[in-house]
Colleague: 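For reference, the structure I am asking about is given below.
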Amino acid sequence: MDYNFREIEAKWHKNWAAEKAYRVENDFSKPKYYVLDMFPYPSGAGLHVGHPLGYIASDIFARFKRLSGFNVLHPMGFDSFGLPAEQYAIQTGQHPKITTEINSKRYREQLDKICLSFDWSRQVDTTDPKYYKWTQWIFLQLFKSWYNTKSNKAEPIDNLIASFEKEGFSGNEDITAFTKDQWKGFSEKEKSDTLMHFRLAYLDEAMVNWCPKLGTVLANDEVKDGVSERGGYPVERKKMPQWSMRMTAYAERMLTDLNTLDWPESIKEAQRNWIGRSQGSSLQFTIENGQGTIEVFTTRPDTVFGVTFVTLAPEHELVKKITTADRKAAVDAYVNAAKNKSERERQADVKKITGEFTGAYVLHPFTGKKVPVWIGDYVLAGYGTGAVMAVPAHDSRDHAFAKHFGLDIPQVIEAPAGWDFSKESYDGKEGKCINSDFLNGLDVKDAVKRAIAEIEKRGLGKGKVNFRLRDAAFGRQRYWGEPIPIFYKDGIPTPLNESKLPLVLPEIDKFQPTETGDPPLARASDWKHQGKYSYEHTTMPGWAGSSWYYLRYMDPNNDKEFASKDAIKYWQNIDIYVGGAEHVTGHLLYFRFWTKFLFDYGYLPFNEPAKKLVNQGMIQGVSHFALFYPNSKPKTYISFKAAPPADIPTLHLERVDINIVKNEMLNIEEFKKWRPENADAVFKTDPNGEFECITEVEKMSKSKWNVINPDIVIEQYGADTFRMYEMFLGPIEISKPWSTQGISGVHGFLKKLWRIFYNENGLALSNEKATPQELKILHRTIKKVKEDIERLSFNTSVSAFMICLNELNELKCNKREIMEPLLVVLSPFAPFITEELWRAIGNKISILKATFPTVNEAYLTESTFSYPVSFNGKTRFMLELPLTLTKEQIEKEVLASDDAKKWIQDTPIKKIIVVPNKIVNVVI
RNA sequence: GCGGAUGUGGCGGAAUUGGUAUACGCGCCAGACUUAGGAUCUGGUGCCGCGAGGCGUAUGGGUUCGAGUCCCUUCAUCCGCACCA
């Protein structure tokens, strides 16, 4: 009887579905374990072989934990709000809901084929109103909260209002001070505007890329060279009201808590850079003619005596005010040019130095000297105060600017001898201050402290921490997203009462912006609160739903709470979270931010969502190209091998569908069918008639024609082979191109396993007692696989299984005592074949309910060890010796051996190193 | 530019704590069985050398009895960030 994986897989697939085999109960009596995959966006292209890599790994892990007695939460869902479905809707009129449903169904089928043990009854779909009700609810909590820097946590905004009513407010950067009586005298609108500066979800004016022609806001990467990528229409930078999330309030906590996480160092480092904490000082420069002050932020207050100019961002609000009449034309032109460049473009041409003198001067806070004020787009409006004090001798950017415009470069920190300041600035943070009045002679580190003290003493500013992290924009001019539960009453943004949630996405006739440039939701003209108040028309961004979905899986059908306290208390945070590294700074930040917010309110007993994070590598595609002569008529293709080397640089490449190529050889007939315009093309082949393509490793993508669909691989080899092969490719965190070279090895392994159970006469398993040698093989494998799974080294466990089977085969072992536990160990990797064999040998209960065998160390103990004996570090021979020998005895045995004599001859022995149970090294 | 990784046979990769480099698989070579092989089984397979032996983990150096592993140098590739004051 042959291994018929198609029959077996169909049978158990059906059986497990009927038994609801993967159903997870909130069974608080058992220890919990939470294994989560990042949920996918269900795109129209379906899954390719790269997606399941992480899913298979986490599935093996989850199955292993189940067999080890844990109650394992291992759910899956869909992050289904998003642009592609909306784009498709605009083009075809098909409602995104339909597209989403079709795609999700397809994903589910594909995932099931791979036999991933998800409890689908806990599925989360971000577009389901029952789900986004709670996304909206969290938004409202954020809206109703502010960040109290004293208690260092989020608190109800009502507390703040109470304090305003009691003591007024002493003022900060955004808001001037007011007394309690002034507060009471504020209009509703004034109160609302004031509170907006505190709310964690707030409405603000923000710069966006506005495309008037498309009537919409574009993301940075949708803008190329000042025009929209789609359509090529002009794009301008424009201030628009935008909902934002005050994520910066959590910057410090997000930074320090990284240290508590078992995440890849690279990810933590990326987050640290992204949060970008820098310590420094604010400093006021008085404008010459009493027009106020310019505040700068600097990390190098120690270099303050080296300031020769101040640079403002072109968008800085003082630019208009301080520019002198004679400089106005030039400055205006510069500001306008900068305005229409996207942020990315501005950052792109770093080398080009531009700027304008405003004509204005500020006074140096310590020397009182006149310092010119420039504008330059190397200063970013969004960071710090949008103004820098330029120290060209000790900051390379200031240096480049000063050099370009011929400004002074006075040195204030000692540089290494022979430093040429006309060429390069000395940015180093070592050295003593010179030419710096009260800072002279101090080391940089001390000078920074001293300068800040002096700045604070004179009331010029104060020591301060700045973050690169910005608040997250939370509104999108799109249809396919969660409605923001806000309505406008007399122009005041008002939260919807929680009892009215969910605020359901209204039906509209077209999915485009209105003719007046309002978001698509404005088309729903009678969609109004209580029939009169207009709702917010922007929707939430893609990351809203994914910022808390891991909590919903714990209690997915709860309509009273986002998840019950008991469920959260039981399941806690994610024990292991698996997903792609592309979410480093987006999702993983937002997800931590929302968790911390919910923690502040006591909704969660933990303040980080995922204890351990694993990034699976990407599986790349191998793209194939046919070479052809440009402008040839008829079009002439030439095989890579047949092409004269001299011609190759002149040849052009044409992408070829990977499905019509085999071993790099193009199927010419299929190619002609695929591209009918090539029916008459000429194909110059190799002498043997073959046509060789050239290949390149790229991201797997539909547009590159290099996508391998897992369904096809499963059809050919079965899901068990597919699962094991994906794991066998290498460590999960490494990216690698897909290749089916080698899949036959894994498939052969499963066939070999099958043949141990079944011979020509049918099922044949021996009930003989296992020998110590056989038991040793089994227990060594159990141990190795267990350890490998725990450290997520699945490729090595696959090889351990192969070694095990090879050794058992050598001993012709087909004993139940060995094979039965082996099936359990293998079952997380190959669930179908192991279940089939498990039942075939008489088990009535599914292998899913089995127990992972424990290692019996007694079978593994050895009495001898085969010592590699090396001379001067080079291994020369092996010597088997009892483990009971002492170092001295080993030394004696080695020296007495014939092999050793041959190597030593009459050379004197300098030293012998004996490491028991490891190695012997003779130094001669 | 900054940060993070990675570099081992023809290929994917193993070597978990400084202790036999190349496990396991593919491919390749030889053989067995076979009408047949894209089935199965057996043996071989880092490089140079007839051999003894020598050389080998990107490069050059160092520490060590001993280095793929630790330290320094250089190079290459990939990823992320990028005027952050």
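Here is the naming used below: chain letters follow the sequence lines, and residue numbers restart at 1 for every chain. Since we're looking at a predicted model, the values are computed, not measured.
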Colleague: If only side-chain N and O atoms count, and only distance matters, is there a donor-acceptor pair under 3.5 Å linking A:K752 with A:N806?
Modeller: yes
Colleague: Tell me what A:V923 touches on the nucleic acid: a base, only sugar-phosphate, or nothing, going by heavy atoms under 4.0 Å.
Modeller: sugar-phosphate
Colleague: Considering every strand and a 4.0 Å limit on heavy-atom distances, what is the contact class for A:P264: base, sugar-phosphate, or nothing?
Modeller: nothing
Colleague: Give the rounded distance in Å between these two atoms: NE2 of A:H747 and P of B:C26.
Modeller: 13 Å
Colleague: If you only use heavy atoms from C-beta on, which nucleotide in B:G19, B:U16, B:C83 is closest to the side chain of A:K918?
Modeller: B:G19
Colleague: For the side chain of A:Q741, counting heavy atoms from C-beta on, which of B:C26, B:A85, B:A14 is nearest?
Modeller: B:C26
Colleague: Under the side-chain hydrogen bond (donor to acceptor under 3.5 Å, both in side chains) criterion, do A:T308 and A:D408 qualify, and how do the steps go?
Modeller: CA-CA 6 Å; A:T308 51; A:D408 275 354; over 6 Å; no
Colleague: Looking at B:G13, B:U16, B:C24, which one has an atom nearest to any side-chain atom of A:F728?
Modeller: B:C24
Colleague: Please enumerate all residues that pass side chain to side chain donor-acceptor pair (under 3.5 Å) together with A:E317, with sequence neighbours excluded.
Modeller: none
Colleague: Between A:F877 (CZ) and B:G53 (P), how many Å, whole number?
Modeller: 13 Å
Colleague: Starting at NZ of A:K736 and ending at C1' of B:C26, how long is that distance when rounded to a whole Å?
Modeller: 16 Å
Colleague: Counting side-chain heavy atoms from C-beta on, which of B:A23, B:U20, B:G25 comes nearest to A:I803?
Modeller: B:A23
Colleague: Would you call A:K892 and A:E888 a salt bridge, taking side-chain N to carboxylate O under 4.0 Å as the test?
Modeller: no
Colleague: NA contact type, A:N806, heavy-atom cut-off 4.0 Å: base, sugar-phosphate, or nothing?
Modeller: sugar-phosphate
Colleague: Restricting to salt bridge (charged side-chain N to carboxylate O under 4.0 Å, His left out), what partner residues turn up for A:E807, sequence neighbours left out?
Modeller: A:R780
Colleague: For residues 380-395 of chain A, which side-chain N or O atoms pair as donor and acceptor with protein atoms under 3.5 Å away, sequence neighbours left out?
Modeller:
from, atom 1, to, atom 2, distance (Å)
A:Y383, OH, A:S278, OG, 2.9
A:T385, OG1, A:E295, O, 2.6
A:T385, OG1, A:A387, N, 3.4
A:T385, OG1, A:A387, O, 3.3
A:H394, ND1, A:Y426, O, 2.9
A:H394, NE2, A:V412, N, 3.0
A:H394, NE2, A:I413, N, 3.1
A:D395, OD1, A:R397, N, 2.9
A:D395, OD1, A:R397, NE, 3.2
A:D395, OD1, A:D398, N, 3.1
A:D395, OD2, A:R397, NH2, 2.6

Colleague: For RNA chain B, which consecutive runs of 3 or more Watson-Crick or G-U pairs (each distance under 3.5 Å) count as stems?
Modeller: B:1-7 with B:75-81, B:10-12 with B:24-26, B:27-32 with B:40-45, B:46-48 with B:53-55, B:60-62 with B:70-72
Colleague: Take A:S799 and A:T796 through the test side-chain hydrogen bond (donor to acceptor under 3.5 Å, both in side chains) and record every step on the way to the result.
Modeller: CA-CA 5 Å; A:S799 100; A:T796 51; over 6 Å; no
Colleague: Sequence neighbours left out, what passes salt bridge (charged side-chain N to carboxylate O under 4.0 Å, His left out) with A:K783? Give chain and number order.
Modeller: A:E857
Colleague: Would you tell me if any nitrogen or oxygen in the side chain of A:N795 comes within less than 4.0 Å of OP1 or OP2 on B:A14?
Modeller: yes
Colleague: Among all residues two or more places apart in sequence or in another chain, which pass the side chain to side chain donor-acceptor pair (under 3.5 Å) test with A:N4?
Modeller: A:E7
Colleague: Check RNA chain B against residues 781-789 of chain A and give the residues with a non-hydrogen atom under 4.0 Å, in numerical order.
Modeller: A:K784
Colleague: Between protein and nucleic acid, restricted to nucleotides 56-64 of chain B and to nitrogen or oxygen atoms under 3.5 Å apart, what atom pairs and distances do you find?
Modeller:
none

Colleague: Please enumerate all protein N or O atoms sitting under 3.5 Å from an N or O of nucleotides 75-81 of chain B, with distances to 0.1 Å.
Modeller:
none

Colleague: Heavy atoms under 4.0 Å, any strand shown: does A:R876 hit a base, just sugar-phosphate, or nothing?
Modeller: sugar-phosphate
Colleague: Can you check whether A:S266 has a side-chain N or O nearer than 4.0 Å to OP1 or OP2 of B:U6?
Modeller: no
Colleague: So, using side chain to side chain donor-acceptor pair (under 3.5 Å) as the criterion, who are the partners of A:D427 when residues are at least two apart?
Modeller: A:S396, A:S425
Colleague: Which listed nucleotide (B:A85, B:A21, B:G27) is nearest to the side chain of A:T875?
Modeller: B:A21
Colleague: Using a cut-off of 4.0 Å on non-hydrogen atoms, how would the nucleic acid contact of A:S799 be classed: base, sugar-phosphate, or nothing?
Modeller: base
Colleague: Listed by chain and number, what are the side chain to side chain contact (heavy atoms under 4.5 Å, CB included) partners of A:F5, not counting sequence neighbours?
Modeller: A:Y3, A:E9, A:H747
Colleague: Tell me which one of A:H316, A:E356, A:E315 satisfies side chain to side chain contact (heavy atoms under 4.5 Å, CB included) with A:I375.
Modeller: A:E356
Colleague: Considering only side-chain heavy atoms of A:N921, which listed nucleotide, B:G25, B:G13, B:G19, is closest?
Modeller: B:G19
Colleague: Quick check on A:E790: does its CD atom have over 12 non-hydrogen neighbours (other residues, nucleotides or ligands) under 6.0 Å away?
Modeller: yes
Colleague: Side-chain N or O of A:S278 versus OP1/OP2 of B:A85: is the shortest distance under 4.0 Å?
Modeller: yes
Colleague: Please list each protein N or O that sits under 3.5 Å from an N or O in nucleotides 30-39 of chain B, with the distance.
Modeller:
none

